[in-house]
Number of protein chains: 2
Amino acid sequence: MPTATLEPADSIRAAGLRVTTQRLAVLGALENMPHADADAIHRRVRSTQPDISLQSVYVVLGALTDAGLLRRIEPAGSPARYERRIGDNHHHAICTGCGAVQDVDCAVGHAPCLTPAPPAPLPGTGTGTGAGTGDVAGFRITTAEVTYWGLCPACQHLPASHPDKKENA
Amino acid sequence: MPTATLEPADSIRAAGLRVTTQRLAVLGALENMPHADADAIHRRVRSTQPDISLQSVYVVLGALTDAGLLRRIEPAGSPARYERRIGDNHHHAICTGCGAVQDVDCAVGHAPCLTPAPPAPLPGTGTGTGAGTGDVAGFRITTAEVTYWGLCPACQHLPASHPDKKENA
DNA sequence: GCACTTGTTGTGAGTGATTCATAATAAGGA
DNA sequence: TCCTTATTATGAATCACTCACAACAAGTGC
Ligand SMILES: [Mn+2]
Ligand SMILES: [Mn+2]
Ligand SMILES: [Zn+2]
Ligand SMILES: [Zn+2]
């Protein structure tokens with residue numbers, strides 16, 4: 001038995017979950033394909049567990065995400081994507097051409113982006129309640145999610161054509 | 001450009017689209033319910049056009065969004081929401097308890113996350129339609145989207161119960 | 001090692017949100 | 001008013017995901 005890695009199985013156990021081959025396989029797959037969606041993970045896992053169903057992958061992803069072992073992001077217009085990089089609220093740059101996702105470190109560090117405090121009252125459509133200072137419109141903010149949209153290096157060099165929305169193959 | 005000053009019919013025409021009662025109704029509905037989803041808009045529009053179908057509302061919303069007359073946001077775990085406030089890339093605070101959405105002025109210069117760690121900062125991401133151009137990890141960034149997650153004032157004062165995830169009915 | 005309990009997985013059906021295909025309709029110009 | 005063509009109406013279909021429940025297996029105790 002390869003006991004070299006103290007992580008996957010132990011982290012699952014530490015979360016109070018049972019260690020199953022499916023969970024190990026999903027974690028292992030994500031090791032090599034960060035920001036993959038459920039379908040891509042399923043295809044990858046199938047190479048070692050040909051009979052695992054997509055639904056089971058969903059269940060595993062949900063359990064691991066709830067346990068805090070995975071992070072799920074849900075970019076607009078894309079199925080949910082999963083990654084093992086957790087604990088830091090890092091952000092993402094997403095290519096509008098091909099959907100590629102790239103990690104972006106937050107400039108602030110580990111408890112980032114929790115002090116938005118817009119200086120001016122909200123001029124929104126009729127909801128200009130000048131909320132208290134320090135939070136946003138009276139909201140108690142716990143997370144700030146930042147998504148940068150643009151063109152990845154590859155798509156910048158393509159003509160204004162339609163690069164196929166390739167996933168991790 | 002002053003989209004707010006144009007009559008709905010004029011702005012539709014100016015976009016090169018035909019002025020229809022359905023489009024006027026959808027724009028009118030959103031006047032009073034910013035950040036509504038397709039279903040809520042459909043219910044509202046039905047009060048004046050009882051026979052309009054949800055699918056037609058989707059078509060109208062798509063056309064108006066493509067024309068730049070509406071902005072669509074797609075918060076995680078929520079159906080798409082639409083608003084008439086366009087032209088400024090403002091951000092949103094969303095309540096994890098009840099799903100309420102609140103406009104937040106772009107925090108350029110205040111929220112640290114708009115200045116990513118890698119090379120250049122993002123100029124004009126907020127005040128200019130997100131037309132600014134930055135560079136993150138080789139990406140040519142055109143828009144920075146910020147979502148603040150937390151509890152709205154109402155949900156802060158509720159016990160640990162789960163307020164119904166409903167909104168303007 | 002063997003059984004037992006219970007968390008997990010496998011399977012199929014079901015759901016919500018949105019899109020597609022196509023016929024019917026109506027907006028806007030001639 | 002007529003005509004062309006954009007737009008809407010309708011139903012079916014798709015996508016991503018969830019649910020219900022039976023079959024299974026991880027971890028515990030003997
Ligand atoms: Mn990431
Ligand atoms: Mn808004
Ligand atoms: Zn790309
Ligand atoms: Zn709330």
Side-chain angles (χ1 to χ4, degrees), chain A residues 1 8-27 29 35-43 45-46 48-67 69-70 72-82 99 165 167, chain B residues 7-27 29 35-43 45-46 48-67 69-70 72-82 99 164-167:
Chain A
M1 289 295 291
D10 289 328
S11 60
I12 292 174
R13 232 185 311 271
L17 298 175
R18 290 187 182 172
V19 179
T20 67
T21 56
Q22 293 86 339
R23 285 169 179 172
L24 291 174
V26 165
L27 284 181
H35 312 118
D37 60 26
D39 200 62
I41 295 166
H42 180 225
R43 287 196 303 274
V45 170
R46 264 189 165 171
T48 56
Q49 313 208 355
D51 289 335
I52 194 174
S53 68
L54 175 59
Q55 290 87 335
S56 291
V57 171
Y58 272 111
V59 171
V60 168
L61 289 171
L64 295 180
T65 301
D66 289 346
L69 299 180
L70 288 182
R72 167 170 47 222
I73 62 175
E74 299 176 46
S78 161
R81 291 156 178 269
Y82 299 83
K165 287 231 175 220
E167 288 284 312
Chain B
E7 285 296 315
D10 290 328
S11 61
I12 294 174
R13 231 185 312 270
L17 299 175
R18 291 184 182 174
V19 178
T20 67
T21 56
Q22 293 87 337
R23 286 170 178 171
L24 291 174
V26 166
L27 283 182
H35 312 120
D37 61 27
D39 200 62
I41 295 167
H42 180 224
R43 287 196 303 274
V45 169
R46 264 190 166 170
T48 55
Q49 308 201 259
D51 289 334
I52 194 174
S53 69
L54 176 58
Q55 291 89 331
S56 291
V57 170
Y58 271 110
V59 171
V60 167
L61 288 171
L64 295 180
T65 301
D66 289 345
L69 299 180
L70 288 182
R72 167 170 45 221
I73 62 175
E74 299 177 44
S78 160
R81 290 155 178 269
Y82 299 83
D164 33 58
K165 266 237 172 198
K166 215 58 219 114
E167 62 199 80

Rounded to whole Å, how long is the line connecting atom [atom1] of [X] with atom [atom2] of [N]?
X	N	atom1	atom2	result
L64(A)	dG7(C)	CG	C1'	14 Å
D51(B)	dG11(D)	CG	P	12 Å
Q49(A)	dG10(C)	CD	C1'	13 Å
L61(A)	dG10(C)	CG	C1'	16 Å
I73(B)	dA17(C)	CD1	P	15 Å
D66(B)	dA6(D)	CG	P	15 Å
D39(B)	dG16(C)	CG	C1'	10 Å
D37(A)	dA16(D)	CG	C1'	10 Å

By the 4.0 Å heavy-atom rule, please label [X] as base, sugar-phosphate, or nothing.
X	answer
A63(A)	nothing
R72(B)	nothing
T20(A)	sugar-phosphate

Got a second to check how far Q49(A)'s CD is from H42(A)'s NE2, nearest 0.5 Å?
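One gets 10.0 Å once the value is rounded to the nearest 0.5 Å.
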
First locate atom CZ of R13(B), then atom CZ of R23(B), and finally report the distance between them rounded to the nearest 0.5 Å.
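CZ of R23(B) is found 12.0 Å from CZ of R13(B).
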
Quick one: is [N] close enough that its OP1 or OP2 comes under 4.0 Å of any side-chain N or O from [X]?
X	N	value
R23(B)	dT8(D)	yes
S53(B)	dT10(D)	no
Y58(B)	dT19(C)	no
Q22(A)	dG10(C)	yes

With respect to the side chain of Q55(A), which nucleotide from dT8(D), dA13(C), dT7(D) is positioned closest?
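Within the option list, the nearest is dA13(C).
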
Please tell me which of the listed nucleotides, dT10(D), dT9(C), dT6(C), lies nearest to the side chain of R18(A)?
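For R18(A), the side-chain atoms sit closest to dT6(C).
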
May I ask you to test the L27(A)-L70(A) pair for a side-chain heavy-atom distance under 4.5 Å?
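L27(A) reaches L70(A) side chain to side chain.
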
Are any non-hydrogen side-chain atoms of L24(B) and I12(B) less than 4.5 angstrom apart?
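Side-chain contact under 4.5 Å: yes.
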
Please compare T21(B) and V59(B) by the position of their nearest nucleotide in DNA chain C and report the one closer to 5'.
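Checking each residue's closest nucleotide, the 5'-ward one belongs to V59(B).
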
Would you kindly compare L54(B) and V19(B) by the position of their nearest DNA chain C nucleotide and give the one closer to the 5′ end?
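The residue whose closest nucleotide sits nearer the 5' end is L54(B).
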
Side-chain donor or acceptor of E74(B) paired with backbone N/O of G77(A) under 3.5 Å:
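Yes; at least one donor-acceptor contact below 3.5 Å.
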
